[in-house]
Amino acid sequence: MLDPRLIRTNPELVREKLSRRKEDVDLDNFLELDAQRRTYIGEVEKLKNRRNVVSQQIARFKKEKKDVDDIIKEMKQVSDTIKEYDDKIRDLEQQLNDILLSIPNIPHDSVPEGDSEEQNVEVRRWGQPKEFTFTPKAHWDIGEEHNILDFGTAGKVTGSRFAFFRGLGARLERALISFMLDVHTTQHGYVEVLPPFMVHRRSMIGTGQLPKFEEDAFKIEGTEYFLIPTAEVPVTNMHREEILDGSKLPLKYVAYSGCFRSEAGAAGRDTRGLIRQHQFDKVELVKFVKPETSYDELEKLVADAEKILRLLGLPYRVVLMCTADLGFTAAKKYDLEVWMPSYNRYVEISSCSNFEDFQARRADIKYRMGAKDKPEFVHTLNGSGLAVGRTLAAVLENYQQEDGSVVIPEKLVPYMGGIERISK
RNA sequence: GGAGAGAUGUCCGAGUGGUUUAAGGAGCUGGUCUUGAAAACCAGUGACACCGCAAGGUGCCGGGGGUUCGAAUCCCUCUCUCUCCGCCA
């Protein structure tokens, strides 16, 4: 959510900044309703003041046994008008809020302008894609060969875009989760959280998944609960409607969760394998920071996520998203893309964003330095550290051997109970 | 799922329709006293949000709605917490 005051006082600036997203945003309606709202508030507050004053007068007069019928009759009138204006204001505020919730975040000035993913900018690469002496297999073939991934049975039991992990596949998934959590808690200072996998509507609005993208989410029938599409939602909303102690910032959390995405519109892409599933595991990093540090914190967040790929020895690159590929809520976003041999290209495995105060406004998360200071909105950030299913896919593909076996990355061996290789 | 109890300012806690539209205490800030501190005493201080250039005003006693000239107080509804029962990993 943008600052309504900024829109009111400097609509041209907002318009110009938003135009970099190549999206048409109508601010005129907002400005019009906003002006109306303030007019009504001015009127109704005058009346309320009169009501308060006269109410006390009535009490006094009654005590003195004076006649108050006329005043009460008049006050009835005033009261009705107040109700009328309050209704009007409520209605206007509802409309204004709906508009505010549907306006995307303003891109940071350092974000390149673009109208498609073509204009995303590669920032750096790490590692060399391995030269295979044979034709590398796709991870779903490797997985089925070793009977560690089973998509067919998942189709029978649930439907398409679900998977069974079994045997060493299940163990590898679990090993990756533990490994990532351990690195982020012990080396990067994050506090581990295991959140609810369902949240109510207000939380989904708080982080920006709703109201615009309801068709992407799974909703539990007969309840107001949504399956979380990412741990970002419950973890960011942990501090909703709170005023945090500024001296305790930044707050850093790492959370494992299952993630559930319907992505109704995305059918047809990446239909095979683990890349695009309705349910997947993710280890998510979330930070609450002071505004002046948020861009430094974003760089650190990216580095923390990169660390996992480095420790696993998976080649990757970092890409800065252009304005068209930012998503609704981010002011700036980097993607980490891991090398996937069967795709013969880099594939997104993490997305790290600074939302500035966009989510903080929606979820009402503030901080205060001293007891006398005014509370201010925090900046929130998050990033995958990493998407676990895709990491498993990347491990299978990058570590496959000519004989069909898969070598377990050194750092994962302790988490695999000493197993160094998956083979038949 | 059933029954009951509760939700008040930073904290504790009073307050069942109007004589301060949040008492009293703690805390916090300043002062007196003291070599210093504590204690005591005196004074001040009540989150937060909105409107306004400002003065000031308005809202806020878990959320929302209603009754009334007037609601923390009465009514409806929702949420959460606690206790007991049922069910259950």
Side-chain angles (χ1 to χ4, degrees), chain A residues 1-10 30-101 194-206 210 219-226 233-234 237-248 257-258 357 360-378:
Chain A
M1 188 155 73
L2 301 184
D3 183 357
R5 230 162 318 190
L6 178 66
I7 303 177
R8 183 186 305 148
T9 55
N10 206 339
F30 177 89
L31 293 169
E32 162 82 31
L33 296 172
D34 181 63
Q36 279 184 37
R37 171 176 168 268
R38 278 176 299 143
T39 307
Y40 279 113
I41 284 180
E43 289 303 311
V44 81
E45 289 195 349
K46 264 185 243 160
L47 291 173
K48 282 180 176 173
N49 181 235
R50 178 154 170 71
R51 180 179 67 183
N52 288 343
V53 170
V54 175
S55 282
Q56 287 178 70
Q57 235 172 49
I58 291 173
R60 238 177 294 125
F61 283 3
K62 271 190 155 171
K63 222 171 179 73
E64 296 164 11
K65 305 271 191 250
K66 287 191 194 167
D67 180 51
V68 290
D69 289 356
D70 283 349
I71 320 183
I72 288 185
K73 208 173 285 171
E74 190 212 330
M75 280 303 101
K76 219 169 198 144
Q77 209 53 48
V78 171
S79 216
D80 285 347
T81 313
I82 288 174
K83 205 163 290 177
E84 214 174 283
Y85 282 10
D86 271 344
D87 285 346
K88 188 74 195 163
I89 290 165
R90 192 165 26 227
D91 180 52
L92 285 166
E93 287 183 341
Q94 183 60 51
Q95 290 185 56
L96 284 164
N97 196 44
D98 288 348
I99 295 172
L100 280 174
L101 288 178
L194 187 77
F197 291 2
M198 296 183 208
V199 294
H200 58 45
R201 181 173 289 274
R202 305 237 310 122
S203 290
M204 292 286 275
I205 289 172
L210 295 181
K219 188 171 175 214
I220 310 295
E221 200 176 351
T223 74
E224 272 302 305
Y225 295 145
F226 292 84
V233 180
N237 279 284
M238 274 198 304
H239 293 302
R240 65 117 47 73
E241 288 151 42
E242 285 183 17
I243 298 173
L244 303 169
D245 178 353
S247 67
K248 301 259 167 63
S257 86
D357 65 6
R361 271 178 204 286
R362 289 174 157 246
D364 192 17
I365 308 167
K366 296 180 174 170
Y367 77 102
R368 174 163 44 202
M369 285 316 290
K372 297 245 162 72
D373 292 323
K374 242 184 113 55
E376 305 214 35
F377 289 111
V378 298

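Lettering follows sequence order; numbering is per chain, from 1. Keep in mind it's a predicted model, so treat the numbers as computed, not measured.
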Handout entry: N-O pairing of Glu376(A) and Arg368(A) below 4.0 Å
Key = no
Handout entry: Nucleotide nearest Ile243(A) (side chain, heavy atoms from C-beta), chosen from C48(B), U67(B), G18(B)
Key = C48(B)
Exercise for the section: Report the base-pairing partner of U32(B) (Watson-Crick or G-U wobble, both distances below 3.5 angstrom), or none. Expected result: A40(B)
Practice task
Nearest-nucleotide wise, let me know which of Asp34(A) and Pro375(A) is further upstream toward the 5' end of RNA chain B.
Solution key: Pro375(A)
Handout entry: Distance, rounded to the nearest Å, where Lys46(A) contributes NZ and C50(B) contributes C1'
Key = 17 Å
Handout entry: Below 4.0 Å: OP1/OP2 of U58(B) and any side-chain N or O of Lys48(A)
Key = no
Exercise for the section: Let me know the distance between CG of Asn52(A) and C1' of A22(B), rounded to the nearest Å. Expected result: 15 Å
Practice task
Could you tell me whether Glu45(A) and Arg51(A) have a side-chain N and a carboxylate O separated by less than 4.0 Å?
Solution key: no
Exercise for the section: For Arg201(A), answer base if it contacts any base atom (sugar-phosphate contacts may also be present), sugar-phosphate if it contacts only those atoms, and nothing otherwise; contact means non-hydrogen atoms under 4.0 Å. Expected result: nothing
Fill in the blank from the handout: Note: for Arg37(A) and Ile72(A) on RNA chain B, the residue whose nearest nucleotide lies more 5' is Arg37(A)
Completion exercise
CG of Asn10(A) to CZ of Arg5(A), rounded to nearest 0.5 Å, is 14.0 Å
Exercise for the section: Can you figure out which of U58(B), C69(B), C51(B) approaches the side chain of Ser79(A) most closely? Expected result: C69(B)
Handout entry: Short side-chain N/O contact to U68(B) OP1/OP2 from Lys73(A), under 4.0 Å
Key = no
Exercise for the section: Looking at every strand, decide which applies to Arg50(A) at a 4.0 Å heavy-atom threshold: base, sugar-phosphate, or nothing. Expected result: nothing
Practice task
Establish, with yes or no, whether the OP1 or OP2 oxygen of C50(B) is under 4.0 angstrom from a side-chain nitrogen or oxygen of Arg90(A).
Solution key: no
Exercise for the section: Can you tell me the pairing partner of U67(B) across any strand shown, Watson-Crick or G-U wobble, with both distances under 3.5 angstrom? Expected result: none
Exercise for the section: Answer yes or no: is there an ion pair linking Lys83(A) with Asp87(A), defined by an N-O contact shorter than 4.0 Å? Expected result: no
Exercise for the section: For U20(B) versus C76(B), give the span between their P atoms, rounded off to a whole number of Å. Expected result: 32 Å
Exercise for the section: Please measure how far the C1' atom in C61(B) lies from the corresponding atom in G6(B), and state the result in whole Å. Expected result: 14 Å
Problem - Distance in angstrom units between Tyr40(A) OH and G57(B) P, rounded - result: 25 Å
Handout entry: Nucleotide of G57(B), C48(B), C51(B) approaching Lys366(A) most closely (side-chain heavy atoms)
Key = C48(B)
Problem - Nearest-angstrom distance from the residue atom NZ of Lys76(A) to C1' of U67(B) - result: 11 Å
Completion exercise
Arg240(A) atom CZ is separated from G63(B) atom P, nearest whole Å, by 15 Å
Exercise for the section: Could you measure between the two C1' atoms, the one in C51(B) and the one in G66(B), and give it in whole Å? Expected result: 26 Å
Handout entry: Presence of salt bridge, Arg201(A) and Glu224(A), under 4.0 angstrom
Key = yes
Exercise for the section: Would you mind checking if Glu43(A) and Arg38(A) are paired as a salt bridge, meaning a charged N to carboxylate O distance below 4.0 Å? Expected result: no
Handout entry: Euclidean distance, atom CG of residue Asp87(A) to atom P of G64(B) [Å, nearest integer]
Key = 14 Å
Practice task
For U79(B) and C11(B), measure between their C1' atoms and round to the nearest Å.
Solution key: 24 Å
Handout entry: Any-strand Watson-Crick or G-U partner of G46(B), both distances under 3.5 Å
Key = none
Exercise for the section: In whole angstrom, give me the gap between the P atoms of U16(B) and A23(B). Expected result: 15 Å
Exercise for the section: Among C51(B), C48(B), G18(B), find the nucleotide with the atom closest to the side chain of Ile58(A). Expected result: G18(B)
Practice task
Could you let me know what A7(B) is paired to, Watson-Crick or G-U wobble, both distances under 3.5 Å, or none if it's on its own?
Solution key: U79(B)
Problem - Atom C1', compared across A71(B) and U8(B): separation rounded to whole Å - result: 14 Å
Exercise for the section: Give a yes or no on whether a donor-acceptor pair under 3.5 Å exists between the nucleobase atoms of G57(B), that is its base, and the side chain of Glu45(A). Expected result: yes
Exercise for the section: For nucleotides A26(B) and G44(B), find the distance between their P atoms and express it as a whole number of Å. Expected result: 15 Å
Handout entry: Sugar-phosphate, base or nothing in reach of Arg202(A), heavy atoms under 4.0 Å
Key = nothing
Exercise for the section: Ignoring backbone atoms, test whether Asn49(A) places a side-chain nitrogen or oxygen under 4.0 Å from the OP1 or OP2 oxygen of G57(B). Expected result: no
Problem - Rounded P spacing from U29(B) to A39(B) in Å - result: 12 Å
Practice task
Mind checking Glu74(A) for me? I need base, sugar-phosphate or nothing, with any heavy atom below 4.0 Å counting as a touch.
Solution key: nothing
Handout entry: Whole-Å gap separating P (G64(B)) and CG (Asp86(A))
Key = 12 Å
Problem - Gln95(A) and Asp91(A): side chain donor to acceptor below 3.5 Å - result: yes
Handout entry: For Leu96(A) against Asp34(A), the heavy-atom pair lying closest together
Key = CD2-N, 3.7 Å
Fill in the blank from the handout: Among C50(B), G18(B), G52(B), the one nearest any side-chain atom of Ala59(A) is G18(B)
Practice task
Output yes when at least one side-chain N/O atom of Arg51(A) is less than 4.0 Å from OP1 or OP2 of C69(B), else no.
Solution key: no
Practice task
Can you tell me the distance, in whole Å, between the NE2 atom of His200(A) and the P atom of G63(B)?
Solution key: 15 Å
